[in-house]
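Throughout, protein chains are lettered first and strands after them, A, B, ... in sequence-line order, and every chain is numbered starting at 1.
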2 protein chains.
Amino acid sequence: MVTTSNKSERVPSANLNRRVERSRHAVLTTAFELLSEGGVASFSVDEVARRSGVAKTTIYRHWPTREALVIDACSRMIAEQETPDTGSLEGDVTAILVEIAHLLPTANWSFVLPSIIDTAERNPEFAEIHSRIQRGHAAPLREVLQRAIGRGELSAYTDVSTIVAALLGPLFYRRWFSREPIDEQFVKAIIKRVLASL
Amino acid sequence: MVTTSNKSERVPSANLNRRVERSRHAVLTTAFELLSEGGVASFSVDEVARRSGVAKTTIYRHWPTREALVIDACSRMIAEQETPDTGSLEGDVTAILVEIAHLLPTANWSFVLPSIIDTAERNPEFAEIHSRIQRGHAAPLREVLQRAIGRGELSAYTDVSTIVAALLGPLFYRRWFSREPIDEQFVKAIIKRVLASL
DNA sequence: AAGATACGCTACGGTATCGTATCGTTAATT
DNA sequence: AATTAACGATACGATACCGTAGCGTATCTT
């Protein structure tokens with residue numbers, strides 16, 4: 001940036017940022033919470049102002065428009081998951097899917113995701129966000145599959161995308177479509193079927 | 001409330017119904033169209049009135065509230081699919097999945113479904129509708145699997161629900177989550193994997 | 001201590017929507 | 001032909017939301 005030297009290009013100081021950050025953080029937290037409850041559709045800046053205690057005028061000083069705030073709040077959902085390394089493909093895949101199965105009924109993002117998908121269906125900005133969230137979910141799985149290919153545990157010609165769909169699809173299906181419980185037995189059954197076919 | 005005399009029970013005549021049906025039909029058609037475009041969230045009675053040419057007052061004579069109309073329009077999406085009968089399980093499953101794969105990128109309901117799922121996440125009435133739509137999609141698959149069990153082609157202890165999730169999940173995953181194309185090669189790969197494990 | 005910066009509060013104007021009321025008109029019933 | 005039922009047009013009150021303006025206050029910077 002700029003040196004504080006001769007006259008100045010006014011670098012924002014730490015204290016100043018602390019103040020700005022306080023309201024920014026309060027707003028984003030509330031926004032995310034509101035999003036979890038009602039989805040993108042029922043999200044309103046007025047409500048965020050009411051709940052967070054931050055004045056609406058202040059909110060509009062940080063975000064130019066409602067949509068910008070929603071998008072910013074959505075980005076909070078891009079939660080990278082850690083990639084396990086058990087040594088075997090089956091171990092890795094099991095670890096990942098059990099974790100996801102555990103998160104699906106409870107995690108906040110699982111309530112918001114349909115709303116984002118819906119919005120993404122008609123709004124490119126949300127399509128981009130959805131794409132990032134999606135990649136985040138699939139990333140660990142892709143990695144352990146690639147590693148298995150590296151070890152020679154899988155053929156180098158394996159179609160990773162298909163396997164990912166075959167593994168994640170059934171879980172997501174149960175969470176949002178058939179709304180059946182996702183118990184460990186189910187997860188194991190899916191894994192067994194998919195891996196047996198490789 | 002007056003009896004029309006001793007004899008008749010004032011059955012609404014055909015002509016009267018014709019008139020009522022005309023507006024009912026116009027409204028429902030427009031409502032469904034509007035739903036396909038913008039989802040449940042952006043659905044408005046005023047817009048239906050504008051597009052359909054039916055006066056808003058008339059709409060409210062038939063549906064007590066906006067939500068009632070939306071729900072009624074959503075019900076139009078419960079499109080039963082026909083169940084094939086090729087003689088073999090693989091033939092039947094292939095026929096069903098290819099058909100779905102063909103519909104997923106184009107059919108109107110595929111644009112609205114995320115919106116319904118989102119709404120269903122917090123609204124019991126929509127949860128019920130979603131459940132019916134869902135059962136409609138899975139029904140043919142369940143049936144051909146049951147038939148296969150009947151023929152002895154599958155073990156009587158096969159968990160049908162798991163197989164359905166394993167087959168439909170990957171397709172839905174690609175349509176709404178990873179947004180990858182669903183070509184015939186992919187469908188065949190999924191079917192092969194799942195059926196090989198039985 | 002003095003000036004700059006971010007904030008809170010209240011109040012707008014504008015728009016969209018819901019659901020209702022009123023009243024005149026058209027179509028169907030008898 | 002007379003009556004009844006459904007419809008259309010307009011207007012309305014109520015509410016919620018967006019985004020902005022004005023102005024005073026608290027906090028930070030120097």
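- Residues passing the side chain to side chain donor-acceptor pair (under 3.5 Å) test with A:Arg135 are A:Ser131, sequence neighbours excluded.
- Ring planes of B:Phe177 and B:Tyr173: parallel class, angle under 30° (limits at 30 and 60°).
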Given protein heavy atoms under 4.0 Å, the one-letter contact record of nucleotides 17-26 of chain C, with B base, S sugar-phosphate only and - none, is simply SBBBB----B
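- Atom CZ in A:Arg22 sits about 15 Å away from atom C1' in C:dT5, given to the nearest Å.
- At the phosphate of C:dA6, neither OP1 nor OP2 sits under 4.0 Å from any side-chain N or O atom of A:His62.
- Of the side-chain N and O atoms in A:Thr58, none sit less than 4.0 angstrom from OP1 or OP2 of C:dA6.
- In this structure, a donor-acceptor pair under 3.5 Å is absent between the side chains of A:Thr29 and A:Arg76.
- With no hydrogens or angles considered, a side-chain donor-acceptor pair links A:Glu180 and A:Ser178 at under 3.5 Å.
- For B:Trp109 and B:Phe32, the distance between ring centers is not under 6.0 angstrom.
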